[in-house]
Amino acid sequence: MNLAVRVGAVRLANPIMAASGTFGFGPEYQGLVNIARLGGIAVKGVSPGPWPGNPPPRVWETEGGMLNSIGLQNPGVEVFCREDLPFLRTTKTRVVVNVIGRTIDEYCQVVERLEAESGIDALELNISCPNIKEGGMSFGQDPEHAAQVTRAVRACTKRPLWVKLSPNVADPGAIAAAVERVGADAISAINTVVGMAIDVKRRRPALGGISGGLSGPAIKPIALRVVYQVAQSVSIPIVGMGGIRSVEDVVEFLMAGASAVMVGTATFAEPGTMEAIIEELPGYLARLEVSSVHELIGAALPGR
Amino acid sequence: MNLAVRVGAVRLANPIMAASGTFGFGPEYQGLVNIARLGGIAVKGVSPGPWPGNPPPRVWETEGGMLNSIGLQNPGVEVFCREDLPFLRTTKTRVVVNVIGRTIDEYCQVVERLEAESGIDALELNISCPNIKEGGMSFGQDPEHAAQVTRAVRACTKRPLWVKLSPNVADPGAIAAAVERVGADAISAINTVVGMAIDVKRRRPALGGISGGLSGPAIKPIALRVVYQVAQSVSIPIVGMGGIRSVEDVVEFLMAGASAVMVGTATFAEPGTMEAIIEELPGYLARLEVSSVHELIGAALPGR
Amino acid sequence: MESPRVSRYRIVSRMEKAKDHVELILEAPVLARAVPGQFVHVRTPGTLRRPISFSRLNPVRGEAGLLFQVVGPGTAWLAGREQGDWLDVLGPLGQGFPRPEPDRPWCLVGGGVGIPPLYAALTAWQNDVTASIDAILGARSQDYLIMLEDFGAQIDHPIAVTTDDGSVGAQGTVLGPLAHWHARHPTGQVYACGPMPMLAAVARLMQTSGVAYLALEQRMGCGVGACLACVVMANGPEGPLWRRVCHDGPVFRAEELIWS
Amino acid sequence: MESPRVSRYRIVSRMEKAKDHVELILEAPVLARAVPGQFVHVRTPGTLRRPISFSRLNPVRGEAGLLFQVVGPGTAWLAGREQGDWLDVLGPLGQGFPRPEPDRPWCLVGGGVGIPPLYAALTAWQNDVTASIDAILGARSQDYLIMLEDFGAQIDHPIAVTTDDGSVGAQGTVLGPLAHWHARHPTGQVYACGPMPMLAAVARLMQTSGVAYLALEQRMGCGVGACLACVVMANGPEGPLWRRVCHDGPVFRAEELIWS
Ligand SMILES: Cc1cc2nc3c(=O)[nH]c(=O)nc-3n(C[C@H](O)[C@H](O)[C@H](O)COP(=O)(O)OP(=O)(O)OC[C@H]3O[C@@H](n4cnc5c(N)ncnc54)[C@H](O)[C@@H]3O)c2cc1C
Ligand SMILES: Cc1cc2nc3c(=O)[nH]c(=O)nc-3n(C[C@H](O)[C@H](O)[C@H](O)COP(=O)(O)OP(=O)(O)OC[C@H]3O[C@@H](n4cnc5c(N)ncnc54)[C@H](O)[C@@H]3O)c2cc1C
Ligand SMILES: Cc1cc2nc3c(=O)[nH]c(=O)nc-3n(C[C@H](O)[C@H](O)[C@H](O)COP(=O)(O)O)c2cc1C
Ligand SMILES: Cc1cc2nc3c(=O)[nH]c(=O)nc-3n(C[C@H](O)[C@H](O)[C@H](O)COP(=O)(O)O)c2cc1C
Ligand code: FES
Ligand code: FES
């Protein structure tokens, strides 16, 4: 069974990748997950300098999902290149670097610094994280800003450029179309959904960051609808994610129009989720009577 | 224990109401739910003439929630006044009529037709239903349109006017503030979140309406965040809803800034949910060492 | 008619009826007085209840049966229940079959898990019907055929059986034997339950003469008529309109319905 | 050190240790070789695993214990497990306590469900320590006091006990007896686990002399250092920085930490 897929110029051995922020910088799950088996991994968001993130508590369980307010803590692109990239270069999988910034300039700083480095297969522009007030979010909130930051980054690099969308907008298709026009090579969708919880004992917001990002199976319907809508708005490939934990979930995303998927929250409870899905995928495809992943991509779209 | 609350001029015996679209026009749950015990009920959305709604399947279960694409099927305001209001007048609870329209004019038609009728305690302007393409949704998507329809309806009636928000926007607080300025008496939040599911066996969208509205515990974090944000944007009261099924959920919404709440999806699985919550509320408040619901409203807001 | 209530009932027995098919018998005097064709909404883990028809109704013993196929998480959970466990049930719900006319030939046509409600109808009314009574049961294959023995114990002449693969009975669908029956009993009454395409075909066949009552399935939310989830298109006084399977059905007269 | 793995282990015994406190003993040779202060991430229904420290480690018998208080749905589910059931466990995780210095007086200070990891430390290393060994156990009230008998079986002199309401031992917190101990053993080593305010007070008390190791709790996602959920503020070479309780801890030297 042919599991290989392409996301633009990036060829993946299979469509299952680890989602940014849930798989650290690669080595954390060593011994628990065989990275070489994965289609790829997206590392935690990287900014120009170190970002501190939010005060704890940073996670809170909710029905069918969880909230996080990590706040994009990361050591900055210098430390990333020095301490994390060497390990990532040794992994036999695709490495996607998630890029964050407070300003267009900061996005470009990160991307430019990465130009000198080998071992990076794609950049994922995170214009959608709800945990950061000074900009990150707002770039993902209207087509014009999204296009601005994408255009600027596009000018700094020839690397495959994926733009990761926020679901917290009325029309994600319009944003996808805007970034496609200025040179995005793929769309990642979705980032977490803004939410919050109240700690009734303390009578306060449960998270240190007050609001946070909802992820996990609870958001799968939201993610599928974004993918389905974006697939009808652009012709570049889509990397789908949001609540995936089974091979059936993956097939839903493929049929909605995704060329590949990422698994995030599910890895926390079951580190073996991604490998189990890769294991089960051939048999599942056979039962659907298709001979490649490719045949399912967009199968549920209108006119198909 | 004092359970009574006020939503503007409307006094409720307790803060627990049935959410629009999940409780029909009142008589459907007779024998299963004692309507007289409830704080109030919001009836299914009413339009000027009959609306057919979407083709089935109209519901689909998801993790921690469900999707619906009922599509606002209803017999129109005439039939509503003739066949449903007489029963509603006999109920010893507050009756909130949910109003829908494709145009500003249609909203006004419904509200004007209702002016002649007694037995209505408040109007709930549904500018947020994701299941209708020709307008309903778009009114809830930006502050200006929301204000336009609210202003127009405000001019037609002196009845308490609640405006029900869509969560499918980047800044619900701005929309709430806009409708407050033009005379809304309260905010209802939230309506369902846009989502979809794929029926992998059929390789098609699962719902007849293709996309639908996500409700149930899965969306509670999204709803709480909208309530918390709106509470800081307006000074009119908020009716909170989204995934409520326990007394603890209710207290979360109260602390986030809601003056009352509605229960929707939970009633399907457990018709007794609302009465159970009302039963448990006094004991729960006592354990929190408060002597009225009122003390908890907004308790988790900044500066409280 | 019994008005619906939410109640817990004890499972007094559990039987494997065929591959992936389980029948649970509940000690439930109230439900046992329901009308065949009515259904219950059963609490399983997850957001929504699951609609299941009565497979048997024994008001004397105060027992009601639910026979279901395991197709997903809800029915898998139900299949895991054991004798002595309790089920949380909302019901009885909907409009069941009408009492059959005594002097019209009666034919019960069931496909797959559509068979159980017909068995409940048969046992409730077979003594009222003085005309001939026949049954036609269809299944994917022998492994999936349910209740043939139950029907056999009530009907003393051969029961027509069809399977898609011919592994038992005639190969084909219930439509073949039904057409045959209809030719011999043009004014007969048919009670049918099964997949939508089968019901549509039954309706078409019975357009010319006779009468057919069909028990429908549709995805449900509330089960009590409040949410408008479970609609099917029907003929109304002023043109087509949606009717609720849970409240106006699940049993409809064939000519009421509009097939797309 | 044992590297973490996901595995299923059988529960060989289950004990009610106090009101709402249950201890499960797992047949788990790999876990039994863990370091006291390390923990496991236990699969319960829901999105995330639940972190629980080892309450006992018996490498000879190949058994590891988990003692927890029922505070929510995860621990309630765990409390419902029975002997013979299997637990899905990710571990052992984190950095445990260091081996105590043999010739320094050693004091184990536990508050509430902070007591179990100290018991694991005591049994692992009591024979290595030639100086005095003391324990101070605190609880809300007598009903909630755990493991006093376990400690009593290992330590032959009286164990200091405090309760908030004075229902057993001295009324007050563990801080009273600890201050007393510290005054007598100014260069002693303290191992502590319990609520954050208690640990902060222990850290303050030990600022002047001696050494204290504190086992912390923080809400966790992954448990393996990947998600950055479980951070606490610590002193770094270039100023304050977040450290991960799951990976850099849960045990920290008191002076590493910054208390807000
Ligand atoms: C009035 C009525 C009577 C029924 N009687 C029987 C019966 O006697 N025996 C039997 O085996 N089945 C019967 N069904 C079908 C049965 O309800 C479904 O097979 C069952 O709900 C599937 O649940 P699941 O969680 O196992 O599967 P899933 O497919 O995972 O269920 C997901 C959702 O879809 C709904 N659903 C799935 N299949 C159907 C269906 N065919 N019809 C309606 N809703 C569906 C479920 O209720 C649930 O909300 C009846 C359905 C209706 C409407
Ligand atoms: C390293 C470590 C070791 C622990 N060891 C023990 C132990 O030996 N015995 C024991 O009784 N408890 C221990 N705890 C606390 C224990 O993890 C929580 O009590 C438990 O997770 C509560 O789960 P719940 O579903 O019952 O409660 P809920 O409060 O409903 O849990 C909801 C979420 O909050 C998290 N959470 C709740 N309380 C805590 C807490 N105090 N610390 C961290 N996360 C929390 C849960 O893991 C879950 O993700 C430890 C915590 C950590 C971090
Ligand atoms: C703890 C946590 C941290 C995350 N950090 C990032 C991040 O740094 N950059 C990013 O683009 N997305 C981040 N995400 C979002 C995920 O990559 C993913 O888009 C989202 O969680 C939905 O997928 P899931 O439901 O499978 O987790 C994070 C998610 C979680 C749960
Ligand atoms: C089947 C269904 C139908 C609904 N119909 C309406 C409606 O007509 N008008 C409206 O304003 N909201 C409607 N809603 C939204 C609910 O009133 C409520 O805002 C939402 O479901 C969130 O609450 P819940 O999670 O408790 O269900 C409907 C919800 C469901 C599930
Ligand atoms: S299921 Fe709600 S109306 Fe039929
Ligand atoms: S829980 Fe994920 S880093 Fe500690």
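By convention in this document, chain letters (A, B, ...) are assigned in the order of the sequence lines, proteins followed by strands, and residues within each chain are numbered from 1.
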Next item on the list: Find out whether A:Ile198 and B:Phe253 are in side-chain contact, i.e. whether some heavy atom of one side chain is under 4.5 Å from a heavy atom of the other.
Entry: no
Whatever's closer than 4.5 Å to a heavy atom in chain B on A:Pro167 counts as neither
If one checks every heavy atom of B:Ile219 against chain A at 4.5 Å, the contacting part turns out to be neither
Heavy-atom check, side chain of A:Arg203 versus side chain of B:Val290, under 4.5 Å: yes
Checked A:Leu288, A:Val169, A:Asp199 vs chain B; the most non-hydrogen pairs under 4.5 Å come from A:Leu288
**Report entry** Atom CD of B:Glu295: over 12 foreign heavy atoms under 6.0 Å
**Finding:** yes
Okay, A:Leu301 and chain B: the region with an atom under 4.5 Å from a heavy atom over there is backbone
| With a 4.0 Å cut-off, would you call B:Arg245 and A:Glu63 a salt bridge? | yes
- If we only count heavy atoms from C-beta on, is the B:Val200 to A:Glu248 side-chain gap below 4.5 Å? yes
So CZ of B:Arg287 and NZ of A:Lys201: to nearest 0.5 Å the spacing works out to 11.5 Å
Bottom line for A:Gln229: the part with an atom under 4.5 Å from chain B's heavy atoms is neither
Bottom line for B:Leu67: the part with an atom under 4.5 Å from chain A's heavy atoms is side chain
Heaviest contributor of heavy-atom pairs below 4.5 Å to chain B, chosen from A:Ala223, A:Gly64, A:Pro205, is A:Pro205
* Asked: Would you call A:Ile222 and B:Leu214 a side-chain contact if the rule is heavy atoms closer than 4.5 Å?
  -> yes
In terms of heavy-atom pairs under 4.5 Å with chain A, the winner among B:Pro302, B:Gly216, B:Gly65, B:Pro217 is B:Pro217
| field | Side chains of B:Tyr228 and A:Ser211 in contact at under 4.5 Å (non-hydrogen atoms) | value | no
